[in-house]
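Some notes on the structure that comes next.
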Amino acid sequence: VGNIDSLLKQSAYPEKDYWVTEWNNWCNGCDDGKLGEYNYSFADKSIGYLLDFLKHGATAGLVWEGYDSYYEHHAPAPFSYWGMLAFDAKNNRYSPRKNFYALQQVSRFLQPGSWRVAVSGETDSLVVLSFHQETTKNITIIGINRSHKVRQLMGKLKNLPAHSSLAMYYTSEQHNVKRIADISITNQSFNTAIPADCIFTLTSNTKPEPADWYTGDIHVHKNCGDETVLSESKLPGMMESNDLAVIAVLADMGNGAVKN
């Protein structure tokens with residue numbers, strides 16, 4: 001990947017960008033109908049590849065794959081277990097794996113049109129990439145702390161828009177996109193502690209949509225065909241974690257959302 005961007009710049013199409021498709025960490029058995037290991041270590045390596053692609057000029061990464069899938073042509077087994085969403089054949093349900101949350105540390109906060117900003121002071125155990133979106137003025141810093149200890153991250157924002165604070169989120173073995181205390185910026189400088197063994201994001205962009213927009217979901221079910229009906233009291237908390245300002249709850253599922 002490291003040479004692709006420079007090769008493009010020296011080709012007849014120097015203005016072209018490139019995407020990386022079907023990326024992930026290697027999963028033994030996932031092509032053979034066998035479940036792999038989907039722990040934090042797997043997610044760390046998967047996101048590490050994505051950050052490396054971005055560091056070397058890729059403008060997009062398409063993960064392989066979104067969810068465990070059935071393929072007629074697939075050999076030696078018809079079922080692929082590479083998904084960020086895991087399929088439970090016994091209960092016919094999908095549920096998120098750790099790398100589903102790990103990817104959000106990038107996809108949820110890094111806006112289209114962002115430019116990578118130079119970073120100094122990286123180490124083997126602390127990977128850091130920084131981005132600036134010129135239209136929204138947002139700053140996003142994404143990294144991986146591969147040390148088993150808390151690491152201090154000190155930053156000086158040079159030639160970048162002024163912000164009073166950065167929100168911090170991290171994913172580890174125990175936590176998924178967990179938000180902790182905001183980080184104050186004084187005279188374009190900040191200092192914060194990065195939790196051990198985590199993928200982290202520092203960002204001025206706590207809302208992915210533009211300032212004068214809001215997000216919603218017009219098709220929400222309290223039930224998807226089994227005997228469980230989600231209580232309305234749980235919906236506000238789910239809206240908050242998914243950045244939804246409004247939802248429309250469907251109640252016309254026959255034996256689904258409306259029971260008795």
Side-chain angles (χ1 to χ4, degrees), residues 1-2 23 25 39-59 61 63 98-208 241 243:
V1 173
W23 65 269
N25 183 36
N39 53 17
Y40 173 77
S41 177
F42 182 89
D44 172 310
K45 294 173 184 175
S46 177
I47 301 307
Y49 283 126
L50 176 59
L51 295 185
D52 195 53
F53 299 150
L54 296 175
K55 184 176 183 179
H56 288 93
T59 56
V63 67
K98 179 60 73 173
N99 56 343
F100 171 84
Y101 299 105
L103 181 58
Q104 289 185 46
Q105 297 284 156
V106 182
S107 61
R108 180 173 169 182
F109 305 107
L110 185 55
Q111 296 177 308
S114 296
W115 291 87
R116 193 164 63 85
V117 179
V119 173
S120 61
E122 278 190 288
T123 67
D124 290 340
S125 62
L126 188 65
V127 178
V128 180
L129 272 70
S130 181
F131 301 87
H132 171 227
Q133 217 290 350
E134 292 182 336
T135 302
T136 62
K137 310 300 182 185
N138 283 317
I139 298 168
T140 300
I141 300 169
I142 303 168
I144 304 176
N145 180 11
R146 292 191 167 122
S147 170
H148 301 321
K149 299 179 180 179
V150 173
R151 297 290 301 274
Q152 288 299 126
L153 179 65
M154 295 174 286
K156 178 73 173 179
L157 305 176
K158 296 182 178 180
N159 303 315
L160 290 169
H163 290 278
S164 60
S165 65
L166 296 171
M168 182 171 175
Y169 299 79
Y170 76 98
T171 293
S172 64
E173 189 70 60
Q174 297 80 24
H175 300 288
N176 297 319
V177 201
K178 179 180 176 63
R179 184 171 183 175
I180 55 179
D182 289 358
I183 303 161
S184 296
I185 301 176
T186 304
N187 297 324
Q188 292 293 78
S189 297
F190 66 88
N191 187 355
T192 190
I194 305 297
D197 296 304
C198 78
I199 303 164
F200 63 92
T201 307
L202 282 59
T203 182
S204 62
N205 172 35
T206 57
K207 297 286 185 180
S241 62
D243 188 38

With heavy-atom distances below 4.5 Å as the criterion, would you say the side chains of V119 and L129 are in contact? no
Listed partners of [X] passing side-chain hydrogen bond (donor to acceptor under 3.5 Å, both in side chains), at least two apart:
| X | answer |
| --- | --- |
| N145 | none |
| T59 | W19 |
| N25 | none |

Evaluate the criterion side chain to side chain contact (heavy atoms under 4.5 Å, CB included) for residue pair N99 and I47; output intermediate values, then yes/no. CA-CA 8 Å; N99 56 343; I47 301 307; 5.8 Å; no
Give a yes or no answer on whether the side chain of [X] reaches the backbone of [Y] with a donor-acceptor pair at less than 3.5 Å.
| X | Y | value |
| --- | --- | --- |
| N39 | F42 | yes |
| T203 | A167 | no |
| Q105 | T171 | yes |
| S204 | I139 | yes |

Could you report the tightest heavy-atom contact between [X] and [Y], atom names first, then the distance?
| X | Y | answer |
| --- | --- | --- |
| H163 | K137 | NE2-O, 2.8 Å |
| A43 | I199 | O-CD1, 4.1 Å |
| P195 | M168 | CD-CE, 3.5 Å |
| S114 | Q133 | OG-CG, 3.5 Å |

Nearest 0.5 Å please: distance from the [atom1] atom of [X] over to the [atom2] atom of [Y].
| X | Y | atom1 | atom2 | answer |
| --- | --- | --- | --- | --- |
| R108 | L103 | CZ | CG | 12.5 Å |
| L202 | I194 | CG | CD1 | 5.5 Å |
| D197 | Q174 | CG | CD | 8.5 Å |
| S46 | L51 | OG | CG | 9.5 Å |

Could you give all pairs that pass the salt bridge (Lys or Arg N to Asp or Glu O under 4.0 Å) test and reach residues 39-48, with sequence neighbours left out? D44-R146
Quick one: salt bridge (Lys or Arg N to Asp or Glu O under 4.0 Å) pairs with a partner in residues 181-194, sequence neighbours left out? R179-D182
Can you give each donor-acceptor pair under 3.5 Å made by side-chain atoms of residues 152-161, sequence neighbours left out, with the distance rounded to 0.1 Å?
unit_1	atom_1	unit_2	atom_2	d
Q152	NE2	N191	OD1	2.9
Q152	NE2	T192	O	3.4
K156	NZ	N187	O	2.9

All side chain to side chain contact (heavy atoms under 4.5 Å, CB included) counterparts of S125, not counting sequence neighbours: T123, S147, R151
With sequence neighbours left out, the residues meeting salt bridge (charged side-chain N to carboxylate O under 4.0 Å, His left out) with K98 are none
Write out all pairs satisfying ring-ring contact (aromatic ring centres under 6.0 Å, His included) with one or both partners inside residues 173-201, taking only residues at least two apart or from two chains. Y170-H175
For Y40, give me all partners under ring pair (Phe, Tyr, Trp, His ring centres under 6.0 Å), at least two apart in sequence or on another chain. none
